[in-house]
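A short worksheet on the structure shown next.
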Amino acid sequence: MPWDVVIIGAGSAGCVLAKRLGEAGKKVLVLEAGGSDSYFWIHVPMGYLYCIGNPRTDWMYRTRAEPGLNGRSLIYPRGRALGGCSSINGMLYLRGQSADYDGWRQAGLEGWGWDDVLPFFLRSEDNADGASDLHATGGEWRVDHQRLHWDVLDAWRDAAVAAGLPLVDDFNTGDNEGVGYFRVNQRNGWRLNTAKAFLRSARAPDLQVQTKAQAKRLTFEGRKCTGVIYDQGGKEHHVSAKEVILSAGAVNSPHILHLSGIGPADHLRSLGIQIQADMPMVGANLQDHLQLRCAWRLQAGKTLNTMANSFWGKVSIAAQYALQRRGPMSMAPSQLGAFARSRDGLATADLEYHVQPLSLDAFGEPLHDFPAITASVCHLRPESRGHVRAVSADWRDAPEIAPNYLSTIGDRRTACAAIQLTRKIMTQRPLEKFGPEEFRPGIEAQTEEDLAQAAAQIGTTIFHPVGTVAMGSDGASPLDARMRLRGFAGLRVIDASAMPTITSGNTNAPTIMMAEKGAAMILDDLMSAQNV
């Protein structure tokens, strides 16, 4: 007998779907290409430093050489273990803005406005501040306060207020403009990933999870998806299903569709892939947040740079965590955040700051040996669009990832404005006692042309790819509003790739919301089919 549902990917979306559908009595199989999440560094918050760039937990993808970034190729981390990206990400809980979802609804996606999706954010939430109209308690997904403090971050917060930003306590009300500390998905100082939160708590006897099981392609009978062919331990397996859900993420979900013959037909045909459907927008519409890592050397003040480069500092860091689950080992990559407008006339904030009491040349490199602060800023609503595309018919070959950063005049102008606003904040009185001196991008960059070139040199992904198998109300969009692949039965895509446009903030919480809503849609559809 076939499975009721096969879910490809046990990441942020897949774990939620597995629990909800399994506990509803469905026979569910989850195929996860990575291994278990038993690796110690997955669960220590600062362990992301050892998970990104580690083939045990990361797909190890890179972008193509990006023209808008002076020909640089960037690392493109994607989680490869139970929990997916929730096992290696920054742990920040951010829903985005109400206008994001109202925009989806206004574009024809009925049921996706802010008032429609808020109940699905609440469904799994367990907020440390208690229940309200906008927050819930008792769910699987803990939203907690951070467990450490830095004087220099308090000063940056006060400087942002002096520069005109409001002080806010909650970025998740639908309007996130202002400055404050991020909330994190942690419990008692440990990272909370979706495998712990959802899979382990599932009470579903007919739920089965297979790890190190990488999907090779989907199977079809006409326009009905009938199952999945996957590799496990070098052996090929085939499973049948009444419904297949792709939850492999914004890179792997379109790649699996391409390998299955669904995508831009001319390109797939050139690779020797048999065509199931010509759908040019599968793999297109890639959107991502590009962060500009602006950094200042400090003449005074304690930062992680100085602590981590001292023997006794390292001892103190380890002791704090071992004894209290506090201190730098408990910290998310970014502690302080801000949302701001790059120019007058905007209805909502279009910039997001991730402020960190540290600096380094590039991710994976050692911290600098001098005190410093990084104010990383990204454009929340980029105009640039890229693609994910299969490069061969071999499932083992990584796809081409081409974000196409800074490819529009608007994106370049916003990048320049972002650097200028960051400099304005850094010159405010609350930061004077630290003696900040800009070293990235450097004060020599002053003209708009200089600043655009600087953005191209210091810009890097903040790991938020979305939109590559997008929902839409037009016939060109791969998915309908119920996340069903157009023209096919028994096949949905439920993950960040289904977003039509990127949300104004980090993308993990919206992905979990989409999985909650997707599970409810599937159960509604199954109930309706039984009643016919």
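Just so you know, these numbers use all the heavy atoms, side chains as well, and skip hydrogens, waters and symmetry mates.
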Flag for [Y]-[X]: side-chain donor and acceptor within less than 3.5 Å:
X    : Y    : value
D361 : H368 : yes
S504 : D100 : yes
E437 : Q299 : yes
H149 : D154 : yes
N508 : S12  : yes
S376 : T374 : no
Y76  : D288 : yes

Just do the salt bridge (Lys or Arg N to Asp or Glu O under 4.0 Å) check on R95 and D170 with the steps written out, would you?
-> CA-CA 11 Å; R95 296 171 177 171; D170 185 1; over 6 Å; no

Check the surroundings of atom CD in E432: do more than 12 heavy atoms from other residues, nucleotides or ligands lie under 6.0 Å from it?
->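 Count over threshold, so yes.
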
Around atom CZ of R413, are there more than 12 heavy atoms of other residues, nucleotides or ligands at under 6.0 Å?
->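 Count not over threshold, so no.
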
Which pair of heavy atoms, one from [X] and one from [Y], lies closest together, and at what distance?
X    : Y    : value
P441 : I419 : CG-CG2, 4.2 Å
Y48  : M331 : CE2-O, 4.4 Å
E444 : D450 : O-OD2, 3.8 Å

Taking the six-membered ring for Trp, are H255 and Y61 ring centroids under 6.0 Å apart?
->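 When the ring centroids of H255 and Y61 are compared, they turn out to be at least 6.0 Å apart.
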
Tell me, please, whether W59 has R80 positioned over its six-membered ring: NZ or CZ under 6.0 Å from the ring centre and within 45 degrees of its axis?
-> yes

Tell me whether the guanidinium CZ or amine NZ of R297 lies under 6.0 angstrom from the six-membered ring centre of F370 and within 45° of its axis.
->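 Cation-pi check for R297 and F370: passes.
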
Given M46, H354, M91, the one that forms side chain to side chain contact (heavy atoms under 4.5 Å, CB included) with P333 | M91

Is [X] reaching over with its side chain to a backbone N or O of [Y], donor-acceptor style, under 3.5 angstrom?
X    : Y    : answer
S86  : T194 : yes
D102 : W114 : yes
Q287 : S384 : no

After noting the C-alpha distance and the side-chain angles of R381 and D350, does the key distance pass the salt bridge (Lys or Arg N to Asp or Glu O under 4.0 Å) rule?
-> CA-CA 6 Å; R381 295 187 288 275; D350 67 330; 5.3 Å; no

Quick one: sort the Y353 and W156 rings into parallel, tilted or perpendicular, breaks at 30° and 60°.
->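 Judged by the thresholds at 30° and 60°, the geometry between Y353 and W156 is tilted.
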
Rounded distance (nearest 0.5 Å) linking atom [atom1] of [X] with atom [atom2] of [Y]:
X    : Y    : atom1 : atom2 : result
F171 : L92  : CZ    : CG    : 10.0 Å
Q146 : F182 : CD    : CZ    : 8.5 Å
L292 : T422 : CG    : OG1   : 8.0 Å
L304 : L358 : CG    : CG    : 5.5 Å
C378 : E352 : SG    : CD    : 4.5 Å
Q420 : L451 : CD    : CG    : 5.5 Å

Between R20 and E140, is a salt bridge (Lys or Arg N to Asp or Glu O under 4.0 Å) present by the stated rule, with each step listed?
-> CA-CA 12 Å; R20 298 293 182 244; E140 298 91 344; 2.9 Å; yes

Which pairs, with at least one residue in residues 301-322 and sequence neighbours excluded, count as a side-chain hydrogen bond (donor to acceptor under 3.5 Å, both in side chains)?
->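 Every pair satisfying side-chain hydrogen bond (donor to acceptor under 3.5 Å, both in side chains) with a residue in residues 301-322: N305-S359.
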
Kindly indicate whether the side chain of S73, heavy atoms from C-beta on, has any atom under 4.5 Å from the side chain of T63.
-> yes

Scan residues 178-200 for pairs that pass salt bridge (Lys or Arg N to Asp or Glu O under 4.0 Å), counting only residues two or more places apart or in two chains.
-> D37-R200, D129-R183, D169-R183

Would you mind listing every salt bridge (Lys or Arg N to Asp or Glu O under 4.0 Å) that reaches into residues 44-68, with sequence neighbours excluded?
->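 For residues 44-68: R64-E66.
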
